[in-house]
Amino acid sequence: MSDILEALRPALAAWRGEVPLSAEPIPGGANAEVFRVRTGAGAVYCAKRYRRREGDPVDRLAAEFGALSFLWARGVRQVPEPVGALAAEGIGVYGFVEGRRIAAGEIDGPLLDRMAAFFLLLHSLRVAPGAAALPVAREACFSLDAHRELIAGRLR
């Protein structure tokens with residue numbers, strides 16, 4: 001954990017003029033180690049160190065940071081703010097968003113309406129300047145059959 005603080009100290013100083021004091025691991029990340037980073041100024045950030053798998057051509061840091069930067073630049077604030085990326089270390093720093101996992105029983109009409117509105121917003125941005133330069137998502141589906149197969153594969 002101290003190694004992530006060492007990497008973040010000069011970066012957060014350059015990006016925000018802040019000094020990180022602690023990096024508390026947040027469990028549950030499958031493709032990244034995730035940390036709640038607190039600074040001396042009282043700010044809280046999310047730092048993600050993306051796992052690199054040999055032979056995997058996907059640069060998860062570039063994909064996520066690029067997508068969030070695209071959205072943030074277009075005024076979408078339902079996503080974390082991209083603060084900075086350390087490509088060599090595979091670390092992305094984002095604004096911290098408090099939250100929790102939603103249980104299946106909590107999914108209701110108003111939540112589904114908000115989700116649908118967000119998906120429609122994302123869909124509307126497909127023609128925005130810069131959208132064509134974004135990579136296709138790793139599990140993008142362009143047909144109902146492809147989506148069904150993706151879900152079936154996850155269930156298997």
Side-chain angles (χ1 to χ4, degrees), residues 1-102 114-143 146-147 149-151 153-154 156:
M1 178 171 43
S2 64
D3 62 324
I4 196 151
L5 280 176
E6 291 304 315
L8 292 178
R9 280 195 179 104
L12 271 173
W15 298 329
R16 296 289 169 98
E18 298 189 54
V19 177
L21 298 180
S22 66
E24 170 192 343
I26 299 173
N31 294 319
E33 294 174 276
V34 183
F35 301 88
R36 177 184 286 112
V37 177
R38 297 183 191 279
T39 71
V44 182
Y45 296 98
C46 175
K48 292 179 76 173
R49 181 170 28 211
Y50 296 79
R51 292 187 177 90
R52 295 181 176 142
R53 295 186 178 113
E54 192 168 325
D56 185 354
V58 176
D59 183 342
R60 288 179 174 78
L61 168 60
E64 185 167 21
F65 196 87
L68 291 175
S69 296
F70 171 83
L71 293 171
W72 197 263
R74 281 146 190 86
V76 177
R77 297 297 183 261
Q78 297 95 322
V79 299
E81 176 186 11
V83 174
L86 300 170
E89 293 87 349
I91 298 171
V93 179
Y94 308 94
F96 192 85
V97 178
E98 285 292 341
R100 62 177 178 77
R101 292 182 189 260
I102 297 173
R114 290 196 336 254
M115 290 169 49
F118 182 68
F119 291 137
L120 289 172
L121 172 62
L122 295 180
H123 184 70
S124 74
L125 292 173
R126 76 192 183 289
V127 295
L134 292 172
V136 173
R138 181 183 190 97
E139 293 185 339
C141 297
F142 298 103
S143 71
H147 191 67
E149 181 55 36
L150 174 70
I151 292 171
R154 284 184 168 227
R156 282 193 294 275

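- For Phe96, there are no ring-ring contact (aromatic ring centres under 6.0 Å, His included) partners two or more places apart in sequence or in a different chain.
- A donor-acceptor pair is defined here as one N or O able to donate and one able to accept, closer than 3.5 Å; such a pair exists between the side chain of Arg77 and the backbone of Trp72.
- Here the shortest heavy-atom pairing between Leu134 and Gly66 reads CD2-O, 3.9 Å.
- Counting all heavy atoms, side chain and backbone alike, Glu33 lies closest to Arg51 at CG-NH2, 3.9 Å.
- The aromatic rings of Tyr50 and Tyr94 sit perpendicular, their planes meeting at an angle over 60°, well past the 30° parallel limit.
- When side chains are defined from C-beta on, Cys46 counts as touching Lys48, because their heavy atoms get closer than 4.5 Å.
- Taking the side chain as every heavy atom from C-beta outward, Phe70 and Leu125 approach each other to under 4.5 Å.
- Here Ala67 pairs with nothing under the side chain to side chain contact (heavy atoms under 4.5 Å, CB included) rule; sequence neighbours left out.
- Nearest heavy atom pair, residue Arg74 against residue Ala128, reads NE-CB, 3.8 Å.
- Heavy atoms only, all atoms of each residue included: Ala11 and Leu86 are closest at CB-CD2, 3.8 Å.
- Residues Gln78 and Leu121 form a side-chain contact, since some pair of their non-hydrogen atoms from C-beta on lies under 4.5 Å apart.
- Among residues two or more places apart in sequence or in another chain, the side-chain hydrogen bond (donor to acceptor under 3.5 Å, both in side chains) test is passed with Glu18 by Thr39, Tyr45.
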